[in-house]
> 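Structure in structure tokens, see below.
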Amino acid sequence: MRTRVVVGFILVFTLVVAGQAFAQNVEGGIKGGVNFSTVSGDFGIGVSKTNRISGVGGAFGTFLLTDRVGVQIEALYSMEGSKATVATLGTNVESTVQIDYIRIPLLLRLGARPGVQRSGYFLVGPALGFIAAAKQTFPGRADQDLKDQLKSSEFAVVVGAGMTFSHYLFEIRYTAGLTDINNQSSSGTNKSQTFSVMGGIRF
């Protein structure tokens, strides 16, 4: 009986210590900021493109493998797309192609363990994107739904860098789409391209 008590105590103690160690190596938080996005490729003859400036935000969780290496998974709502200007009959007609994604990046995090002092880090890895909404807007006209013309998901790569300050972070990143977002029935090749500036809070 006494042996069982000792073994049970050791098992509980081991689980508590392991749980605390695991908790010390896992952190999470929220982040949000501004997107400067466009779409590669042509929109057509006489159409010029500029960046769509919009928002991005969501949550992240980081599992630290060592003091300088970790894996970070995120769930972001990212408003992307492009602005377009169509030259027709001597006038310019402006429109906005709005493509909003739910993005799930899985990133390798390289840098010092976040702490009280300032520390920097780098991020790189793949990201899945699922279209939440897609439309083209024209001034004074009804919006045109684009979801049927676009693939429901895409694959992208993310490269970024950031700084942590106590419980806060500042980050910049570039997300480059690797998938043609058009359906097979559409002509041309277009891929998402987004530069993001974000701030956040670590928990």
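Remember, it's a predicted structure, so these values are computed and weren't measured experimentally. Just so you know, residue 1 is the first one in the sequence shown, and it goes up from there.
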> Of the non-hydrogen atoms in R52 and M79, which two are nearest, and what is the gap between them?
NH1-C, 3.8 Å
> Counting distance only, does the side-chain N/O of K151 pair as donor-acceptor with the main-chain N or O of D180 below 3.5 Å?
yes
> If every non-hydrogen atom of S119 is compared with every non-hydrogen atom of A112, which pair is closest and at what distance?
CB-CB, 3.8 Å
> To the nearest 0.5 Å, what is the distance between CD1 on I53 and OG1 on T96?
11.0 Å
> Report yes or no: do Y121 and L64 belong to one cluster of Ile/Leu/Val/Met/Phe/Trp/Tyr joined by side chain heavy-atom distances under 4.5 Å?
no
> I need the S37 OG to K83 NZ distance, nearest 0.5 Å.
10.0 Å
> Any link between L106 and L108 through a network of hydrophobic side chains (Ile, Leu, Val, Met, Phe, Trp, Tyr) touching at under 4.5 Å?
yes
> List in chain and number order the residues that pass side chain to side chain donor-acceptor pair (under 3.5 Å) with N51, two or more places apart in sequence or in another chain; answer none if no residue qualifies.
none
> In Å, rounded to the nearest 0.5 Å, how long is the span from OG of S54 to CD1 of I99?
10.5 Å
> If every non-hydrogen atom of N35 is compared with every non-hydrogen atom of G55, which pair is closest and at what distance?
ND2-O, 3.5 Å
> Measuring from atom CG of D100 to atom CD of E80, what distance do you get when rounded to the nearest 0.5 angstrom?
8.0 Å
> For D143, enumerate each residue passing the side chain to side chain donor-acceptor pair (under 3.5 Å) test, keeping only those at least two apart in sequence or located in another chain.
K135
> Between Q149 and Q144, does a side chain to side chain contact (heavy atoms under 4.5 Å, CB included) hold up when you go through it step by step?
CA-CA 11 Å; Q149 301 178 33; Q144 178 184 356; 3.5 Å; yes
> Measure the shortest side-chain to side-chain distance between Y101 and T194 over non-hydrogen atoms and say whether it is less than 4.5 angstrom.
no
> Is there a chain of hydrophobic side chains (I, L, V, M, F, W, Y, each step under 4.5 Å between heavy atoms) that links L107 to F170?
no
> Linking directly or through intermediates, with side-chain heavy atoms under 4.5 Å: list the remaining ILVMFWY members grouped with M198, chain and number order.
V56, L76
> Say you draw a straight line from CG of L169 to CZ of F60; how long is it, rounded to the nearest 0.5 Å?
5.0 Å
> Between N190 and S40, is there a donor-acceptor pair closer than 3.5 Å when you use the side chain of the first and the backbone of the second?
yes
> Under 3.5 Å, side chain of S82 to main-chain N/O of T50, donor-acceptor pair present?
yes
> Can you tell if the side chain of R113 reaches within under 4.5 Å of the side chain of N25, non-hydrogen atoms only?
yes
> Could you check whether atom CZ of F122 has more than 12 heavy atoms from other residues, nucleotides or ligands sitting under 6.0 Å from it?
no
> Would you say the side chain of R173 lies within less than 4.5 Å of the side chain of P105, judging by non-hydrogen atoms?
yes
> Got a second to check how far I172's CD1 is from M163's CE, nearest 0.5 Å?
11.5 Å
> Partners of S192 by side chain to side chain donor-acceptor pair (under 3.5 Å), sequence neighbours excluded?
R103, E154
> My understanding is that a hydrophobic cluster links ILVMFWY residues whose side chain heavy atoms are under 4.5 Å apart, including indirect links. Using that, what else belongs to the cluster containing F203?
I30, Y168, I201
> How would you list, by chain and number, every residue that makes a salt bridge (Lys or Arg N to Asp or Glu O under 4.0 Å) with K31, sequence neighbours excluded?
E74, E171
> Taking V69 as the starting point, is it possible to reach V71 by hopping between hydrophobic residues whose side chains are less than 4.5 Å apart?
yes
> Treat each ILVMFWY residue as a node, draw an edge where side-chain heavy atoms are under 4.5 Å apart, and state whether L146 and I131 are in one component.
yes
> Taking all atoms of both residues into account, what is the closest heavy-atom pair of T175 and A156, and its distance?
CG2-CB, 3.8 Å
